Asks: 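Sharing a structure below in structure tokens format, with a few things to ask.
Since we're looking at a predicted model, the values are computed, not measured.
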Amino acid sequence: SSSTQTLTKTAGSINAFSEWYDTGAGDLALVANFSASQALNPDSATDFNFVPTAFTFTSGSLVMDSGDVFTPNGPSLYSFITVNLTGGTFNPTASTSIATLTINGGTFNAASNSTTTVTGNFTYTSGTFNHNSGIMYFAIPGSVTITPNAAVFNNVTFDFPGSSSAAITASIASDMTIAGNLSVQSTNTSSGSYVIRSSVSGTTRAINVAGDLIFPTTSSTASAYLGD
């Protein structure tokens, strides 16, 4: 890490519930949750590292362009409303939560043996998606579209968390390849339901699973369906 790290606000607002401090070794440490509403756009010189803590770093969006390399170490959780990779390399080294993840020419190196949570749409068009033996956790609070194309996942979990009584759909817009296991579950505490189906009626989407198809035991009264 470098000895100096700079955060520059060009638009939007920053709401810090507390502050971070310099550890004296060129790294930062959060002392409470941090939230920023504007886009975080690293450049090729970005060295923005936190030591692991129990707190959360939240950014409105992460925009990666050609030549950008972003390797944010710690804290326990990074949360982004959107991540849009049209170039560059994103190397999250802690569990990462993303509402909408789009990979269109960049490289996404998922945290090794960790969990990447996506709560909205997932789109892979081009570039590189490295699962690094981790878990892709589709925690879908509402209807979403998942377009994996040539991306290969390790383990995948579909879940309908929360307490909604809605009936929602996870639309699969291309075939999906899973090198490990596929788990279909619902931790919803209400009577909601969700179905995983093709995004186009009458068009079959294949989910190719090299490992096991798992429906975990649950006390939830919500329903989960794989296919129509």
Side-chain angles (χ1 to χ4, degrees), residues 61-64 77-86 90 92 95-111 114-162 164 166-188 192-216 218 220 222-228:
S61 62
L62 175 65
V63 181
M64 300 288 296
L77 175 67
Y78 275 93
S79 180
F80 299 98
I81 296 175
T82 61
V83 171
N84 186 16
L85 275 66
T86 59
F90 181 35
S95 290
T96 302
S97 176
I98 303 166
T100 300
L101 175 56
T102 302
I103 304 171
N104 185 20
T107 297
F108 184 93
N109 293 317
S114 192
T115 299
T116 300
T117 299
V118 175
T119 60
N121 297 332
F122 173 93
T123 304
Y124 171 85
T125 304
S126 63
T128 303
F129 175 87
N130 292 318
H131 61 62
N132 284 330
S133 301
I135 299 170
M136 178 61 73
Y137 177 50
F138 292 109
I140 47 179
S143 293
V144 300
T145 299
I146 298 169
T147 311
N149 288 314
V152 177
F153 303 106
N154 182 42
N155 294 324
V156 172
T157 296
F158 283 98
D159 191 11
F160 182 21
S164 172
I168 65 171
T169 300
S171 298
I172 309 300
S174 69
D175 292 349
M176 176 182 286
T177 301
I178 300 172
N181 301 326
L182 170 61
S183 295
V184 179
Q185 65 185 38
S186 179
T187 55
N188 192 288
S193 65
Y194 78 99
V195 59
I196 304 167
R197 60 158 63 103
S198 171
S199 61
V200 180
S201 178
T203 299
T204 300
R205 304 297 187 193
I207 301 179
N208 303 297
V209 182
D212 297 326
L213 174 59
I214 303 170
F215 292 90
T218 178
S220 172
S223 302
Y225 303 95
L226 182 59
D228 293 321

Asks: For the atom pair CG (Leu101) and CG (Asn84), what is the distance rounded to the nearest 0.5 Å?
Replies: 9.0 Å
Asks: Where do Ala166 and Phe160 come nearest, in terms of heavy atoms and distance?
Replies: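 Heavy-atom minimum between the residues: O-CE2, 3.7 Å.
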Asks: Determine whether a donor-acceptor pair (N or O, by modelled atom type, separation under 3.5 Å) exists between the side chain of Ser126 and the backbone of Gly105.
Replies: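 Yes, the answer is positive, given that a donor and an acceptor are paired below the 3.5 Å cut-off.
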Asks: Applying side chain to side chain contact (heavy atoms under 4.5 Å, CB included), can you list everything that pairs with Thr203, at least two apart in sequence or on another chain?
Replies: Ser198, Val200, Arg205
Asks: If I take atom CG from residue Leu62 and atom OG1 from residue Thr96, how far apart are they, to the nearest 0.5 angstrom?
Replies: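 Rounded to the nearest 0.5 Å, the CG-OG1 separation comes out at 9.5 Å.
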Asks: Tell me the closest heavy-atom pair linking Phe153 and Pro148, and the distance in Å.
Replies: CE1-CB, 3.7 Å
Asks: Check whether any side-chain heavy atom of Arg197 lies under 4.5 Å from a side-chain heavy atom of Ile172, and answer yes or no.
Replies: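 Result no, sub-4.5 Å side-chain heavy-atom pair not found.
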Asks: Below 4.5 Å, heavy atoms only, C-beta onward: do Leu226 and Ile207 meet side chain to side chain?
Replies: yes
Asks: To the nearest 0.5 Å, what is the distance between OG1 on Thr116 and CD1 on Ile98?
Replies: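 Here the interatomic distance stands at 6.5 Å.
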Asks: Quick one: side chain to side chain contact (heavy atoms under 4.5 Å, CB included) partners of Ala206, sequence neighbours excluded?
Replies: Asp175, Asn208
Asks: Only counting residues at least two apart or in another chain, list the ones meeting side chain to side chain contact (heavy atoms under 4.5 Å, CB included) with Ser171.
Replies: Thr145, Thr169, Ser199
Asks: Between Ala99 and Ile81, what is the shortest heavy-atom contact and its length?
Replies: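 Taking Ala99 first and Ile81 second, the nearest heavy atoms are CB-O, 2.8 Å.
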Asks: Apply side chain to side chain contact (heavy atoms under 4.5 Å, CB included) to Thr125 and list each qualifying residue two or more places apart in sequence or on a separate chain.
Replies: Asn104, Thr123
Asks: From Ile140 CD1 over to Thr119 OG1, what is the distance, rounded to the nearest 0.5 angstrom?
Replies: 10.5 Å
Asks: Output the distance between atom CG (Leu85) and atom OG1 (Thr107), rounded to the nearest 0.5 Å.
Replies: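 Spacing of CG (Leu85) from OG1 (Thr107) equals 7.5 Å.
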Asks: Under 3.5 Å, sequence neighbours excluded: what are the donor-acceptor pairs made by side chains of residues 127-134?
Replies:
residue: Asn130; atom: ND2; partner: Asn109; partner atom: OD1; Å: 2.5
residue: His131; atom: ND1; partner: Ser133; partner atom: N; Å: 2.9
residue: Asn132; atom: ND2; partner: Ala110; partner atom: O; Å: 2.6

Asks: Hey, does Met136 have a side-chain heavy atom less than 4.5 Å from the side chain of Asn155?
Replies: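 The answer is no; the side chains never approach within 4.5 Å.
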Asks: Quick one: does Val152's side chain get under 4.5 Å of Tyr124's, heavy atoms only?
Replies: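 A side-chain contact is absent here, since even the closest heavy-atom pair is not under 4.5 Å.
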Asks: Phe158: what forms a ring-ring contact (aromatic ring centres under 6.0 Å, His included) with it, not counting sequence neighbours?
Replies: Phe138
Asks: Going by ring-ring contact (aromatic ring centres under 6.0 Å, His included), name the residues that satisfy it together with Phe80, two or more places apart in sequence or in a different chain.
Replies: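 Applying ring-ring contact (aromatic ring centres under 6.0 Å, His included) to Phe80 gives Phe90.
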Asks: Please list, one pair per line, the donor and acceptor atoms closer than 3.5 Å that link side chains of residues 180-187 to other protein atoms, with sequence neighbours excluded.
Replies:
residue: Asn181; atom: OD1; partner: Asp212; partner atom: N; Å: 2.7
residue: Gln185; atom: NE2; partner: Asp159; partner atom: OD2; Å: 3.3
residue: Ser186; atom: OG; partner: Asn188; partner atom: N; Å: 3.4
residue: Thr187; atom: OG1; partner: Asp159; partner atom: OD1; Å: 3.2
residue: Thr187; atom: OG1; partner: Asp159; partner atom: OD2; Å: 2.9

Asks: Grab the two heavy atoms, one from Thr147 and one from Ser174, that are nearest each other, plus how far apart they are.
Replies: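 Distance-wise, the nearest heavy atoms are C-OG, 3.9 Å.
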